[in-house]
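Within every chain, numbering begins at 1; the chains are lettered A, B, ... in the order of the sequence lines, protein sequences first and strands thereafter.
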There are 2 protein chains.
Amino acid sequence: MTDGARHIPEATVSRLPVYLRSLAELLDEKVTTVSSERLAEMAGVNAAKVRKDLSYLGSYGTRGVGYEVEYLAFQMSRELGLTHDWPVAIVGAGNLGQALANYGGFTERGFPVACLIDADVDKVGSRIHGVQVHHPDDLPHLVEELGISIGIIATPAVAAQGVADQLVAAGIKSILNFAPTVITVPEGAFLRKVDLALELQVLSFYQEHRAPDPV
Amino acid sequence: MTDGARHIPEATVSRLPVYLRSLAELLDEKVTTVSSERLAEMAGVNAAKVRKDLSYLGSYGTRGVGYEVEYLAFQMSRELGLTHDWPVAIVGAGNLGQALANYGGFTERGFPVACLIDADVDKVGSRIHGVQVHHPDDLPHLVEELGISIGIIATPAVAAQGVADQLVAAGIKSILNFAPTVITVPEGAFLRKVDLALELQVLSFYQEHRAPDPV
DNA sequence: ACGCCCTCGTGCACGAGTTCACAAAGCACC
DNA sequence: GGTGCTTTGTGAACTCGTGCACGAGGGCGT
Ligand SMILES: NC(=O)c1ccc[n+]([C@@H]2O[C@H](COP(=O)([O-])OP(=O)(O)OC[C@H]3O[C@@H](n4cnc5c(N)ncnc54)[C@H](O)[C@@H]3O)[C@@H](O)[C@H]2O)c1
Ligand SMILES: NC(=O)c1ccc[n+]([C@@H]2O[C@H](COP(=O)([O-])OP(=O)(O)OC[C@H]3O[C@@H](n4cnc5c(N)ncnc54)[C@H](O)[C@@H]3O)[C@@H](O)[C@H]2O)c1
């Protein structure tokens with residue numbers, strides 16, 4: 001088996017970042033080797049699942065010993081495409097967009113906020129937390145100039161689909177949508193969504209049902 | 001089958017809020033009846049899936065016609081436990097916590113932000129966007145007083161597990177975690193998480209792999 | 001009243017993901 | 001070098017979710 005196009009299941013891909021964070025913690029603690037058991041505990045999953053997930057990356061473990069933390073972290077970063085930065089553009093410099101722009105955690109993990117985009121001409125040209133605000137029409141230019149590869153949608157729901165279309169037209173293939181609405185992107189583009197109200201509603205469902213409060 | 005304890009699959013529960021939002025849109029447009037086909041298109045899923053999902057709620061459709069929008073919305077709200085408000089407490093009055101407190105969308109959907117909680121004594125006692133900031137020690141009292149049922153964790157990752165423990169100890173059963181770390185809650189409590197860096201990393205994975213850019 | 005047409009509800013087959021269980025493989029110590 | 005202990009990597013069974021395909025059932029027009 002060469003390095004080739006192993007197909008990694010979607011569910012596994014979503015767990016890789018969690019493992020990677022655990023490995024980073026271990027590195028901080030100067031731990032050099034970790035077992036699937038330990039990693040499973042840190043990531044909050046089953047040990048067999050960890051081993052199967054890691055096996056998609058290759059056979060990087062040593063039987064009887066475990067995995068070398070630093071090497072595994074490197075391989076995982078490579079697989080996730082984290083060996084280089086991915087500049088992001090945040091569209092919608094409102095309440096949420098500004099909070100995201102001010103968040104250091106993105107840059108830290110390799111996703112620097114390259115610019116903010118807003119349709120409001122009063123905001124265009126200003127600088128928020130050190131990030132320049134641009135007009136949506138500048139998108140194609142900005143993609144070229146700043147090497148933007150990911151777009152974050154933080155506009156009102158009604159504008160979301162239009163913004164997504166603009167992002168795709170500008171050559172951006174990956175989109176993270178915060179607006180509470182269903183949007184579609186053409187084949188070949190990648191879309192993920194974060195829906196906070198949905199999360200709360202799921203919680204209320206389970207609390208309403210499974211918990212008739214004992215006694 | 002009576003109303004009893006039908007078990008609704010997790011995947012279906014996560015889609016109900018999406019259907020509900022679509023129904024709300026239809027209500028706005030004064031549409032009285034909708035087919036599974038149309039609802040599927042709005043929710044971005046398969047029509048058969050819509051019918052199967054809705055069938056878990058009961059037989060609320062009419063063959064040859066479709067579903068009555070208002071009635072279905074009501075039944076769905078009831079099932080999701082949205083017939084009453086669920087006051088939430090946001091723990092961590094920082095960058096993210098303040099943005100969330102300022103967001104009107106939660107109250108609108110039945111999740112009013114009842115209070116902010118912060119360990120920083122400089123913030124305790126102040127009022128942010130009209131929401132009072134309290135000390136974590138007041139949690140049990142606040143739960144009693146304000147009827148808080150959901151806790152949102154917006155503190156740094158290192159504090160998250162401790163906060164979760166405090167929330168549970170105060171009687172809160174549902175927790176939404178924004179801190180990028182794995183936390184655990186005891187049996188009987190419900191936990192969901194939102195991990196933005198994870199979403200970006202998943203996007204970078206797919207962009208790195210599936211898109212070697214044609215031509 | 002009857003039959004046609006439309007859309008729901010669901011049985012079934014399939015695929016994805018999870019978990020178990022165990023052989024293979026390395027290390028350490030004698 | 002051999003023996004035993006540990007932990008990986010993975011086949012296989014199983015669970016869960018999806019989507020097709022079709023029968024059942026209700027409305028509507030004649
Ligand atoms: N604020 C939160 O905490 C929060 C939480 C969950 C979800 N959301 C969702 O995130 C989105 C943004 O929320 P917000 O509170 O920041 O809203 P906001 O009204 O504060 O900001 C929206 C911004 O988008 C800009 N905008 C509008 N149309 C645009 C367009 N076509 N192109 C570019 N920019 C455009 C506006 O000028 C404004 O600056 C909403 O969909 C909201 O439902 C917000
Ligand atoms: N800001 C964002 O856009 C964003 C995006 C994604 C994830 N996050 C995550 O959300 C969390 C909060 O981010 P932030 O930018 O708001 O951080 P922040 O530093 O601005 O705010 C954290 C707040 O939590 C309070 N706090 C610390 N320990 C506490 C405790 N034990 N009990 C109660 N309050 C406590 C602090 O006093 C501070 O007010 C972090 O884990 C971060 O990784 C933030």
Worksheet, complete the sentence: Residue pair A/Gly66/B/Lys52 against DNA chain D: nearer the 5' end by closest nucleotide is A/Gly66

Worksheet item: Which is true for B/Ser59 with a 4.0 Å heavy-atom rule: it touches a base, it touches only sugar-phosphate, or it touches nothing?
Response: sugar-phosphate

Fill in: Separation of atom OH in A/Tyr56 from atom C1' in D/dG11, rounded to whole Å
12 Å

Item to complete: Return the residues of residues 24-47 of chain B meeting this criterion: a heavy atom under 4.0 Å from some atom of DNA chain C. Order them by number, or give none.
Response: B/Ser35, B/Ser36

Pairs under 3.5 angstrom only: tabulate donor-acceptor contacts from the side chains of residues 32-44 of chain A to other protein residues two or more places apart or in another chain.
residue : atom : partner : partner atom : Å
A/Ser35 : OG   : A/Glu37 : N            : 3.4
A/Ser35 : OG   : A/Arg38 : N            : 3.2
A/Ser36 : OG   : A/Arg51 : NH1          : 3.0

With the criterion being N/O to N/O and under 3.5 Å, what pairs connect the protein with nucleotides 24-30 of chain D, and how long is each?
residue : atom : partner : partner atom : Å
D/dA24  : N3   : B/Arg63 : NH1          : 2.7

Under 3.5 Å, which donor-acceptor pairs do the side chains of residues 88-102 of chain A form with other protein atoms, sequence neighbours left out?
residue  : atom : partner  : partner atom : Å
A/Asn95  : OD1  : B/Asn102 : ND2          : 3.2
A/Asn95  : ND2  : B/Ala99  : O            : 3.0
A/Gln98  : NE2  : A/Ala93  : O            : 3.0
A/Asn102 : ND2  : B/Asn95  : OD1          : 3.2

Worksheet item: Across the strands shown, which category fits A/Ala48 at heavy-atom distances under 4.0 angstrom: base, sugar-phosphate, nothing?
Response: base

Practice prompt. Kindly compute the distance separating CG (A/Leu80) from OH (B/Tyr206), expressed to the nearest 0.5 Å.
Written response: 10.5 Å

For residues 151-164 of chain A, run the donor-acceptor check on the side chains, cut-off 3.5 Å, and write out each pair with its distance to 0.1 Å, sequence neighbours left out.
residue  : atom : partner  : partner atom : Å
A/Gln161 : OE1  : A/Thr184 : N            : 3.0
A/Gln161 : NE2  : A/Asp165 : OD1          : 3.0
A/Gln161 : NE2  : A/Thr184 : O            : 3.0

Worksheet item: For DNA chain C, which nucleotides open and close the run of contacts to chain A, 5' to 3', at under 4.0 angstrom from a non-hydrogen atom?
Response: C/dG17 to C/dC27

Fill in: Test applied, side-chain hydrogen bond (donor to acceptor under 3.5 Å, both in side chains); reference residue, A/Ser174; option that passes from B/Gln207, B/Glu208, B/Glu199
B/Gln207

Worksheet item: Does any non-hydrogen side-chain atom of A/Trp86 lie less than 4.5 Å from one of B/Leu200?
Response: no

Item to complete: Please confirm whether the backbone N or O of B/Ser55 pairs with a side-chain atom of B/Ser59, one donor and one acceptor, at under 3.5 Å?
Response: no

Practice prompt. Residues of residues 195-205 of chain B with any non-hydrogen atom less than 4.0 angstrom from an atom of DNA chain C: list those, numerically ordered, please.
Written response: none

Discussion item. Taking A/Asp85 first and then A/Arg109, would you say they form a salt bridge - that is, a charged N and a carboxylate O separated by under 4.0 Å?
Written reply: no

Discussion item. Test of understanding: with side chain to side chain donor-acceptor pair (under 3.5 Å), list the residues that count as partners of A/Tyr71, not counting sequence neighbours.
Written reply: A/Gln75

Worksheet item: In which ranges does DNA chain C form stems of 3 or more consecutive Watson-Crick or G-U pairs, distances under 3.5 Å?
Response: C:1-30 with D:1-30

Practice prompt. With rounding to the nearest 0.5 Å, note down the distance linking NE2 in A/His134 to CG in A/Leu116.
Written response: 9.0 Å

Practice prompt. Find out whether B/Tyr56 and B/Leu54 are in side-chain contact, i.e. whether some heavy atom of one side chain is under 4.5 Å from a heavy atom of the other.
Written response: no

Response to the item:
Between CD of B/Glu10 and P of D/dT15 the distance, given in whole Å, is 18 Å

Practice prompt. Just jot down the side chain to side chain donor-acceptor pair (under 3.5 Å) partners of A/Asn177, sequence neighbours excluded, or say none.
Written response: none

Practice prompt. Sequence neighbours left out, what passes side chain to side chain donor-acceptor pair (under 3.5 Å) with B/Ser77? Give chain and number order.
Written response: none

Fill in: Aromatic ring pairing B/Phe106/B/Tyr103, orientation class (parallel under 30°, perpendicular over 60°, tilted between)
perpendicular

Worksheet item: Among all residues two or more places apart in sequence or in another chain, which pass the side chain to side chain donor-acceptor pair (under 3.5 Å) test with B/Glu25?
Response: none

